[in-house]
Each structure stands twice: as structure tokens, then as C-alpha cells.
Amino acid sequence: QVQLVESGGGSVQAGKSLRLDCAVSGISGPSLCMGWFRQGPGKEGEGVAAIAAAGTTSYADSVEGRFTIAKDNAKNTLSLQMNSLRPEDTAMYYCAALFVGSACLPSSLVAQMAFRGQGTQVTVSS
């Protein structure tokens, strides 16, 4: 059974940092793409950051240089370090995973077939 359980998140002021963690179980493989996507109120899901099984990372333009995705294969965890947060980063953040036949991109993670966690809220005030 695939399980993705997020932790972290919360409410911060603009310019501050937050870290999200995701405990992953029941899924692995050389074509596994994992990462984070977010969905704000009334908005479509937006891929934020992705990391391939080999460790290659990819970011949405809106978070490039501010967010860092990492994984710990020994602990089966995924993390997202978010620095210099902005009010427009406010959203529900989801940990997601799916098998890909091509590049592992943030946009891949919003696909309907992706496994996803329950989400964790991030609120950034100005």
C-alpha cells in the first residue's frame, strides 16, 4: 500500500522559511518521480519541485532559487525547504509520486494518476 504522509507547514510572514517533510512507503523503482505540488484556493494544481530516482531535481520558475527539494533514500523521506516565502506561495502543499517514462518534472506531479498525500497548509502573510 502506497502511503505519503506530509508534515511541517504552517503560517509565517513573508521572507521567512518553512520546511515540509513527507514520509514515503510502499513505492520505489528506477523510474519513480517524487516531489511536491500545491493548490491555492480556486486555483489549479501547480507543480513546485520534482526529484527523479537518480537524484536529478527540477523546479517551477516561480520557486527556482528559493525552494530546495531533497530525498533521503535510507529513511524514505522527501523534503522541501522553502526560503524567502512570499504571500503568493500560500497554498495546500501535497507530496506526490508516480512512475514516469520520460523526464521527471514538477508538472508531472499534478497528473491524476499520481499518488499523493493528504496535504499540508502553508500560509504566508505580508
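Contact between Cys104 and Ala50 at its shortest, heavy atoms only, is SG-CB, 3.8 Å. Across all their heavy atoms, Lys43 and Gln39 have their closest contact at O-NE2, 2.9 Å. Gly47 and Val110 make their closest contact through N-CG1, 3.8 Å (heavy atoms, listed as atom of the first residue, atom of the second, distance). The two residues Ala14 and Pro87 make their nearest non-hydrogen contact at CB-CD, 4.0 Å. Heavy atoms only, all atoms of each residue included: Leu98 and Ser108 are closest at CD1-O, 3.6 Å. Nearest heavy-atom pair across Ala53 and Lys71 is O-NZ, 2.8 Å.
Distance check: Asn83 CG to Arg19 CZ gives 11.0 Å after rounding to the nearest 0.5 Å. Atom CG of Leu18 and atom CG of Asp89 lie 10.0 Å apart (nearest 0.5 Å). Considering CZ of Arg38 and CG of Leu80, their distance stands at 9.5 Å, rounded to 0.5 Å. Rounding to the nearest 0.5 angstrom, the gap separating the CG atom in Asn76 from the OG atom in Ser28 is 8.0 Å. To the nearest 0.5 Å, atoms CH2 (Trp36) and CZ (Arg116) are separated by 13.5 Å. One finds the CE atom of Met92 at 8.5 Å from the OG1 atom of Thr123 (value rounded to the nearest 0.5 Å).
In summary, the side chains of Glu46 and Ser62 do present a donor paired with an acceptor at a separation below 3.5 Å, with no hydrogens or angles considered. Side chains of Ser79 and Asp21: no donor on one and acceptor on the other come within 3.5 Å.
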Checklist line | Test log, rule side-chain contact (heavy atoms from CB on, under 4.5 Å), inputs Cys22 and Val24 | finding: CA-CA 6 Å; Cys22 178; Val24 181; 3.9 Å; yes
Check: Would Tyr94 and Thr120 satisfy side-chain contact (heavy atoms from CB on, under 4.5 Å), going step by step from the backbone distance to the final call?
Finding: CA-CA 7 Å; Tyr94 297 88; Thr120 185; over 6 Å; no
Notebook entry, point to check: Checking side-chain contact (heavy atoms from CB on, under 4.5 Å) for the pair Leu85/Thr90: CA distance, chi angles, key distance, verdict?
Noted result: CA-CA 9 Å; Leu85 282 162; Thr90 295; over 6 Å; no
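Leu109 places a side-chain heavy atom less than 4.5 Å from the side chain of Cys33.
By the rule that hydrophobic residues join a cluster once side-chain heavy atoms approach within less than 4.5 Å of another member, Val100 and Ile51 end up as members of separate clusters. Criterion: ILVMFWY side-chain heavy atoms under 4.5 Å apart, direct or through other members. Under it, Phe37 and Leu4 are not part of a common hydrophobic cluster. Hydrophobic clustering (ILVMFWY, side-chain heavy atoms < 4.5 Å, transitive): Met82 and Ile69 are in one cluster. Leu32 and Leu78 fall within the same hydrophobic cluster, where Ile, Leu, Val, Met, Phe, Trp and Tyr residues are linked whenever their side-chain heavy atoms come under 4.5 Å apart, directly or through other members. A chain of hydrophobic side-chain contacts below 4.5 Å, direct or via other Ile, Leu, Val, Met, Phe, Trp or Tyr residues, connects Val2 to Met34.
A distance-only check finds a donor-acceptor pair linking the side chain of Glu6 to the backbone of Gln118 [under 3.5 Å].
The aromatic rings of Phe67 and Tyr93 sit tilted, their planes meeting at an angle between 30° and 60°.
By the 6.0 Å contact criterion, CD on Glu44 is open, its count of non-hydrogen atoms from other residues, nucleotides or ligands being 12 or less.
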